[in-house]
Peer 1: 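Got a structure for you, questions after.
Just so we're clear, the structure is a prediction, and the values are computed from it rather than from any experiment. Residue numbers begin at 1 in each chain, while the letters A, B, ... track the order of the sequences.
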Number of protein chains: 2
Amino acid sequence: MTDVARAAGVSTMTVSYTYNRPARVSPDTRARVLRAAATLGYAGPDPSARSLRYGATRTLGVVLGEHLTYAFDDPQAVRFLAGVAEVCAERGYGLLIVPTGAGDDDHDRVVAAAVDAYVVWTTTDDDPVLAAACSTRRPVVIHGGPERAGTTMVGIDNRAAARAVGVEVFAGARRPVVLSFPLDRNREMFVGSGIDPDSVAYPVTRDRLAGYRDAARDLGIDWSRVPVGVCRTSDEDDARTVMRHLVAAAPDLDAVAAMSDQLALGALREATGPLRVSGWDDSDVARQHDLTTVAQSLREQGAACATAALGDPVPDHRDAWRLVRRGSTAA
Amino acid sequence: MTDVARAAGVSTMTVSYTYNRPARVSPDTRARVLRAAATLGYAGPDPSARSLRYGATRTLGVVLGEHLTYAFDDPQAVRFLAGVAEVCAERGYGLLIVPTGAGDDDHDRVVAAAVDAYVVWTTTDDDPVLAAACSTRRPVVIHGGPERAGTTMVGIDNRAAARAVGVEVFAGARRPVVLSFPLDRNREMFVGSGIDPDSVAYPVTRDRLAGYRDAARDLGIDWSRVPVGVCRTSDEDDARTVMRHLVAAAPDLDAVAAMSDQLALGALREATGPLRVSGWDDSDVARQHDLTTVAQSLREQGAACATAALGDPVPDHRDAWRLVRRGSTAA
DNA sequence: CTGTTAGCGCTTTCAT
DNA sequence: ATGAAAGCGCTAACAG
């Protein structure tokens, strides 16, 4: 900038004004400055220097969980991100995706990112990435949980929703099972019975499991005998693998409550007989396969997270879900 | 930082070393500094100040086209982004999505973003956002095109691929049609005939159209009589609407070359009689519907773009496609 | 309408 | 192992 000023025969301030307050510079000088800039290949004020000066970056950080990869493969996470992006676009904020999960320096990356606030995608209570985001004292909004002092949480009441859909899918079933997201960050695939929701590290998964248990109780079903198949991701292929294990463990299974439409689809594909199935999210998949599911707008929640992170109030989302009854639980 | 230094009774340099070269500080002093930092709620060096000093941000910018929204709704764009993210994660770079398409200050946003390099998602020759990215003299890598001096282009040979798949889908057809992406940034939906590829603003669309025309010529089909249905996005619903118009205009149509699997699916759903159909990308949709298609890895191309933007050489991708023959063109 | 001064928070270089 | 000085590029505040 100093160079441009010299070349144009003005002070640096005039150059600065030319870019930031064009009205305060005479058209003549302005043209001269711009010409000098063009000659020197100067493209405008340096963004880092500007941020330093302003004390703000006009950038919103997003942490998509332990492995970036999972997030992009999960259509719901993508929807969520689209919501965040929408708000960023409207308000002229950059959207910085912080690259986590590729090393052991996640903490440093989160702390060292040039952002004004953080939106954190659902994670576990003990996720160091979450701790890192909170430690920077920037505003933090967490989607889905965990709740944490000093942060904002945006998400639906997963327990209530799971109970509602659980009652629907388990009704009349003699051998209900659950197809679950991972319980903790190890993301082990396995089949267990009567899993205690309180032992689950992901709040969203915990709440949904608790809701399914509530539903089982409502229907007089003994939760301790309900097999839970735990998948590594929200992936149809994962679901099929786990479903095969479930069928092996409980050949008479006749109802599956799945934590996503993708998982539900996997269950359908591996079904050996008549089967009641419920999904979650009311995605295209659910509509195509006539799946009973829980409708919620991840996109809207993403937008709400961004809005909250940028300091504006957002409505409570606890009741922003809806049970969608379809053919998959009609029999 | 100065405050922390004072509180710990050391110089600012010692605090700086504590964070950047822990080994060069005695464990004792280090502990003292860290304690002081904790007390004061200091979370480490300010990222903007650091970037200013280093002259680099360790952040890669991505411009997803005129409307951010379209990008997140397009599964191929998401795949591409996943590839970019993967490389960023590996190398500890942040991934900044620059929010374009929500106002007329796109140019400024691109110029003012704190990034070291840009990856630009396919756009038109005349996109001001592209011009903005290039004007900053940061390295720019463009996916799919346009080609531009001083930038790197990563993408397949769309014309050759379109010709190959076109020959496959148009073979034996009496009334072939094309289901196309938008021709220019206005994204009008319409049906035309014998569209001149050279009049198309998007290089990718231009090349594919030219390739389909090549295929028509190879088969002795008169291109000027081939209806082209232009969709607004790569969306199944869009495709259905346009397909209905095509059917109205050419009730005897019996072959559809579509520029994406999504569009091809829309065509299938609106088919009134036997129909040869080809898609593009070899996505899940193509596999599920036994669709002849062009396989390419957007994810791999995203990774290549990021790698190139970060200054490393990448192999040529022109031939990184493959014709996948399936039942949809078997008859 | 234009210029001067000061300092945002950090790290490189060169001492000690 | 620690520190002092200088400056990265910019803009708010206040002249003139």
Side-chain angles (χ1 to χ4, degrees), chain A residues 1-37 40-59 94 108-109 111-116 135-138, chain B residues 1-37 40-59 94 108-109 111-116 135-138:
Chain A
M1 187 152 129
T2 322
D3 297 340
V4 176
R6 194 174 18 243
V10 297
S11 79
T12 47
M13 271 324 291
T14 304
V15 179
S16 176
Y17 284 143
T18 302
Y19 286 97
N20 296 306
R21 304 235 207 298
R24 289 177 61 151
V25 175
S26 79
D28 195 39
T29 329
R30 222 191 104 190
R32 207 143 33 88
V33 169
L34 258 21
R35 202 153 355 98
L40 296 175
Y42 176 81
D46 178 273
S48 299
R50 229 181 208 199
S51 299
L52 175 59
R53 194 57 244 249
Y54 286 141
T57 59
R58 293 193 65 81
T59 296
D108 294 352
R109 291 180 181 186
V111 170
V115 302
D116 292 342
S135 76
T136 64
R137 308 240 303 234
R138 295 178 263 228
Chain B
M1 188 153 129
T2 323
D3 297 340
V4 176
R6 195 172 20 243
V10 298
S11 79
T12 46
M13 271 326 295
T14 305
V15 179
S16 177
Y17 284 143
T18 302
Y19 287 96
N20 297 306
R21 305 235 206 298
R24 287 176 65 146
V25 175
S26 79
D28 195 38
T29 332
R30 222 190 102 190
R32 206 141 34 88
V33 170
L34 258 21
R35 203 153 353 97
L40 295 174
Y42 176 82
D46 178 272
S48 299
R50 226 180 213 205
S51 299
L52 175 58
R53 193 58 245 252
Y54 286 142
T57 59
R58 293 193 66 81
T59 297
D108 294 351
R109 291 179 182 186
V111 170
V115 302
D116 292 342
S135 77
T136 64
R137 306 237 306 232
R138 294 179 263 227

Peer 1: Any idea which heavy atoms bring B/T18 and B/V25 closest together, and the distance?
Peer 2: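 Nearest pair, atom of B/T18 first, then B/V25: N-CG2, 3.9 Å.
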Peer 1: Whole Å only: how far is the CZ atom of B/R21 from the P atom of C/dT11?
Peer 2: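 Interatomic distance, CZ of B/R21 to P of C/dT11: 9 Å.
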Peer 1: Looking only at heavy atoms, which two atoms of A/S51 and A/T57 are closest? And how far apart?
Peer 2: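 Scanning both residues completely, I find the closest heavy atoms to be OG-CA, 3.9 Å.
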Peer 1: Which heavy atom in B/R137 sits nearest to a heavy atom in A/G41, and how many Å separate them?
Peer 2: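 For B/R137 versus A/G41, the nearest heavy atoms are NH1-CA, 3.2 Å.
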Peer 1: Let me know the distance between CZ of B/R53 and P of D/dG9, rounded to the nearest Å.
Peer 2: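 These atoms are roughly 10 Å apart.
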Peer 1: Which atoms form the tightest heavy-atom contact between B/P45 and B/Y19, and what is the distance?
Peer 2: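 Looks like CD-CG, 3.7 Å.
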Peer 1: Can any side-chain N or O of A/R138 pair as donor or acceptor with the backbone N or O of A/V111 at less than 3.5 Å?
Peer 2: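 Confirmed, A/R138 side chain pairs with A/V111 backbone.
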Peer 1: Whole angstrom is fine here: how far is it from CG in B/L52 over to P in C/dC10?
Peer 2: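 Distance check: B/L52 CG to C/dC10 P gives 12 Å.
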Peer 1: Rounded to the nearest angstrom, tell me the gap between atom OH in B/Y42 and atom P in C/dG9.
Peer 2: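 After rounding, the reported distance stands at 10 Å.
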Peer 1: When you check the phosphate oxygens OP1 and OP2 of C/dT11, does a side-chain N or O of B/R50 lie under 4.0 Å from one of them?
Peer 2: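 So the side chain of B/R50 is within the cut-off, an N or O lying under 4.0 Å from OP1 or OP2 of C/dT11.
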Peer 1: To the nearest angstrom, how far is B/D46 atom CG from D/dC8 atom P?
Peer 2: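 That distance rounds to 18 Å.
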Peer 1: For A/Y54 and C/dG7, what is the distance between atoms OH and C1' respectively, to the nearest whole Å?
Peer 2: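 In whole Å, C/dG7 C1' and A/Y54 OH are 15 Å from each other.
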Peer 1: Rounded to whole Å, please give me the gap between CE in B/M1 and P in C/dT12.
Peer 2: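 Interatomic distance, CE of B/M1 to P of C/dT12: 11 Å.
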Peer 1: Under 3.5 Å, which protein N or O atoms sit close to an N or O of nucleotides 2-5 of chain D? Give each pair with its distance.
Peer 2:
| residue | atom | partner | partner atom | Å |
| --- | --- | --- | --- | --- |
| D/dT2 | OP1 | B/S26 | OG | 3.3 |
| D/dT2 | OP1 | B/T29 | OG1 | 2.5 |
| D/dT2 | OP2 | B/S26 | N | 2.9 |
| D/dT2 | OP2 | B/T29 | OG1 | 3.4 |
| D/dG3 | OP2 | B/S11 | N | 2.9 |
| D/dG3 | OP2 | B/S11 | OG | 3.1 |
| D/dG3 | OP2 | B/T14 | OG1 | 2.4 |
| D/dG3 | O6 | B/Y17 | OH | 3.4 |

Peer 1: To the nearest angstrom, how far is A/N20 atom CG from D/dA13 atom P?
Peer 2: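 The answer, rounded to whole Å, is 14 Å.
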Peer 1: Using every non-hydrogen atom in the two residues, find where B/L52 and A/S48 come nearest and quote the distance to one decimal.
Peer 2: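 Looks like N-CB, 3.9 Å.
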